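This one's a predicted model, so the numbers in the text were calculated from it and none came from an experiment. Just so we're on the same page: letters track the sequence lines, and every chain starts at 1.
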Amino acid sequence: MTKYDRYQPHKIEPYWRKKWEDTKIYRSVVDQTKPKHYALTMLPYPSGDLHIGHWYAIAPSDARARYMRMKGYNVLFPMGFDAFGLPAENAAIKRKVHPQTWTLNNIKRMREQLKSMGAMFDWEREIISCSPGYYKWTQWVFLKFYEKGLAYKKLSPVDYCPQCNTTLAREQVWGEDRHCERCQTPVVKKELNQWFFKITDYAEELLDFSKIDWPEKVASMQKNWIGKSEGAEVNFKLANKEVKVFTTRPDTLWGVTFMVLAPEHPLVDLITTDDYREQVEEYKFQTTRQSEIERLAVDKEKTGVFTGSYAINPVNGEKIPVWIADYVMMGYGTGAIMAVPAHDERDFAFAKKYNLPIKVVITPEGSELDELSQPYTEVDEGVMVNSAPFNGTPAREGKEKVITWLKEQGLGEKAVNYRLRDWLISRQRYWGAPIPIIYCEKCGNVPVPYQDLPVLLPEDAEFLPTGESPLKHHKAFLHTTCPQCGGPAERETDTMDTFICSSWYQYAYLSPNFEGETLFDPKEGEYWLPVDLYTGGVEHACMHLIYTRFFTKALRDLGIVDFDEPMLELRNQGIILGEDSEKMSKSRGNVISPDDLVEAYGSDTVRTYLMFGWRWDLGGPWNSRGIEGSYRFLNRVWELLLSPVEGDQNPSEDKCQTLLKKAHQTIKKASTDLEDFSFNTYLASLMELSNLLSKLKQDLWGTKAWSETSKNFTLLLAPACPHLAEELWSRLGGDYSVHNQPWPQWDEALVVEETVEIVVQINGRIKERLVIPIDAEEEQVREKALALEPIKELLKGKKPRKIIYVQGRLINIVI
RNA sequence: GCGAGAGUGGCGGAAUGGCAGACGCGCUAGACUUAGGAUCUAGUGGGCAACCGUAGGGGUUCAAGUCCCCUCUCUCGCACCA
């Protein structure tokens, strides 16, 4: 290449990418002599096009990984594709292409798009979750879970999406109208025999975030989702049976005036008296119907019916009516509640509607409550009343005391409930990993033997959705022999939720398509694991991010990994909106295509703008003028470092010092900013340095300070602009590759200014400025400040009451 | 309703309790140009000024965008979970 020409990203970017590939500089192999850093960014679903959101997530993560590499870490930064899932099937149905063909074509395209980013991926570690070499291990994990009792099959009411024709996990049902996460169709309840993973076994441990540095937001979302509540289980007598009731307010037990069972509660039929049978049946019918119709009712007025039976409150022997109502759910607690209308919003509304008694048992300290217009739900200031042995006890203490008392009396005990449900993993779809189970009439559920894995997904299945699993109609797949008795048997025809594939993918990168005995090559695992830094969107907080934590804990208990958490540090990026501040979507026509941007400005500009334009964790609307600014910056950098100066030069030691000082301040700033994911200020600091460089260029071009600084500048630029930095580096005479150079070190002595301008304040208001040596004695600064004419004038001979001096910053004279 | 987070120029955004608005976009003026939506230079929170300015109101402090209390607005998550 010639010595000086224009900045032409389209020439230099493909050139260097090819060179990197040819020289394998991003190959990451175990190297015991170096500290390791496993940087992982969420793998994309191969939808067919890499969009700007992918770039926004991945490019800054790549810059961070490159920084770590230059800092001397052996960095693993892999990439792959989460390739099973519904869109492939839907596209296939629409376009009559096989889901596999569609997926693999998309991967091919997206791999090229990803490569255009110039990231430091080690493509030899690429994983594709729909390849048999991958899903063999997904099935392997299933079998391990099954052996451990963490995978089980159960007949239960489950959420079913009538549009996607499959069941869904609780996490995949969203919003008030309980719609499908993928297609927004409201789900319906169905009674089906499905496979579950026992994530609830880990509910308590999943609440512990002490071993990981994850955003508070994600932790709180997960805690919220797991929904731990502590209280008591109390035994009520009902028709010669015992009904357990969960409550978080045992202190209100004396205020129970009725009991409510979920309509599906098994005792309902037993206790309903003949007089009420008809209305109870009618109500049960209504509620089941309701869940099948659209659930649009927003302000759901509470409804219910009396069963005709009465239960006995064990604490005072009172007889209370038993109702059924759909505000009590079978899936939480015991499906039965004790209603305390005086101290619970829902019970209050219900009691008012059906004229049930309301009995006050908690009152605010020192006052009385007779007629309630609303329930008194306060705990901290409440005191127990009308509660035989506990009158006068503060409600907060009452909770614990009553539990102890219940236990002594044999009436109940302490209990904890979680909102988290077991993970429903069966999907009645084709494009997923088959569940490796065989049903034998003689032997029952038989796991597929490990040596028979993978259970291959047949390519010639009819995958049109019918509500039944497509594999059920594939005779060759369905019919098999029992591995235990050799008799005729049938395979499980449901496939696994694709979130399973992504729950362990961080381990797959260690040894893609591993052929050994366990999930991954232990030599690799021992070195690289666990993941040091995970980056991606916060939208996965209650799905992928909770699942993968569960997986790691389960794998630990199976002896497959030896740590508790999969990813030590997590960082979430924000979302880039359209220029109209709306979510990008084809229908709105506000989609920004990264391919077009790369075409127009080159990859480095796109990377730079994505890092500079927003706070990474917040994101925000796209600005098509903004990217022009980044492009201009890179052009200026090019001119600055490469085009020689003409005419007279007037270098001076002073100017050199000024430049070196700024350079070292920039090294420090850029380092700490990259450390903190503050990509925007990292680039701002580079811009400041480049502004100073251009100011001093005429005089300093060719000096040692100039060449040293331009080399350092190039190194600092390398994480953001890998191609441009490589080109500049080579033209400045550096050895290939800039990406193998150590990150520059700053000299703290140079970072510190020798003289500073401080502010002279009177009563906290700025009145004057003063230039002083940084290490000036306070006494001298005081004298100087007080000697300033404007200050003398303002003081008018008055004696300051107090003078505060903050070294190198300001002096505040209080009068 | 519950939980979390955020409110700073026209815009994106900077600011260990210590000079509010770094850096950039946009805008204004000028230079160079046949031309400029290229490039370069200068300016750019408001106000003629003293001064006033970080959603609003209190407070702590010599000093508050930053810490404390209250209010408002917005975003996100959960939502009849007993």
At under 4.0 Å, does any side-chain N or O of [X] touch on OP1 or OP2 of [N]?
| X | N | result |
| --- | --- | --- |
| A/R615 | B/rG13 | no |
| A/K767 | B/rC51 | yes |
| A/N635 | B/rA38 | no |
| A/R178 | B/rC78 | no |

Of A/W614, A/W55, A/Y601, which meets ring pair (Phe, Tyr, Trp, His ring centres under 6.0 Å) against A/Y609?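 Testing each of A/W614, A/W55, A/Y601 against A/Y609, the sole residue satisfying ring pair (Phe, Tyr, Trp, His ring centres under 6.0 Å) is A/W614.
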
Sugar-phosphate, base or nothing in reach of A/E345, heavy atoms under 4.0 Å: nothing

Sugar-phosphate only, base, or nothing, as touched by A/G629 at under 4.0 Å among non-hydrogen atoms: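 Sugar-phosphate, no base atom in range.
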
May I ask you to check whether A/F679 and A/F612 place their ring centers less than 6.0 Å from one another?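 Ring-ring flag for A/F679/A/F612: false, centres at least 6.0 Å apart.
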
Could you measure the distance from the CD1 atom of A/I199 to the CD1 atom of A/I226? Nearest 0.5 Å is fine.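 Atom-to-atom, A/I199:CD1 and A/I226:CD1 are 7.5 Å apart.
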
Check: [X] side chain, [N] base, donor-acceptor under 3.5 Å:
| X | N | value |
| --- | --- | --- |
| A/N224 | B/rC78 | no |
| A/K802 | B/rC62 | no |
| A/R769 | B/rC19 | yes |

Report the distance from atom [atom1] of [X] to atom [atom2] of [N], rounded to the nearest whole Å.
| X | N | atom1 | atom2 | answer |
| --- | --- | --- | --- | --- |
| A/I766 | B/rG53 | CD1 | P | 14 Å |
| A/I226 | B/rA79 | CD1 | P | 14 Å |
| A/M329 | B/rA82 | CE | C1' | 8 Å |
| A/M687 | B/rG13 | CE | C1' | 12 Å |
| A/D326 | B/rA82 | CG | C1' | 14 Å |
| A/N691 | B/rG24 | CG | C1' | 10 Å |
| A/R419 | B/rC78 | CZ | P | 8 Å |
| A/D673 | B/rA22 | CG | P | 16 Å |

Axial cation check for A/F209 ring with A/R549, 6.0 Å and 45° limits: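 Because its charged atom sits under 6.0 Å from the ring centre and within 45° of the axis, A/R549 does stack over A/F209.
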
Tell me if the NZ atom of A/K695 is crowded by more than 12 foreign heavy atoms within 6.0 Å.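 No - once you tally the heavy atoms of other residues, nucleotides and ligands closer than 6.0 Å, there are 12 at most.
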
Could you measure between the two [atom1] atoms, the one in [N] and the one in [M], and give it in whole Å?
| N | M | atom1 | result |
| --- | --- | --- | --- |
| B/rC62 | B/rG57 | C1' | 24 Å |
| B/rU71 | B/rG13 | P | 28 Å |
| B/rC74 | B/rC25 | P | 33 Å |

Would you say the side chains of A/S643 and A/K697 form a donor-acceptor pair under 3.5 Å?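 Their side chains do contain a donor-acceptor pair, which is all the 3.5 Å distance test asks for.
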
If you assign each of A/E216 and A/S229 to its closest nucleotide in RNA chain B, which residue comes earlier from the 5' end?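 Of the two residues, A/E216 wins.
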
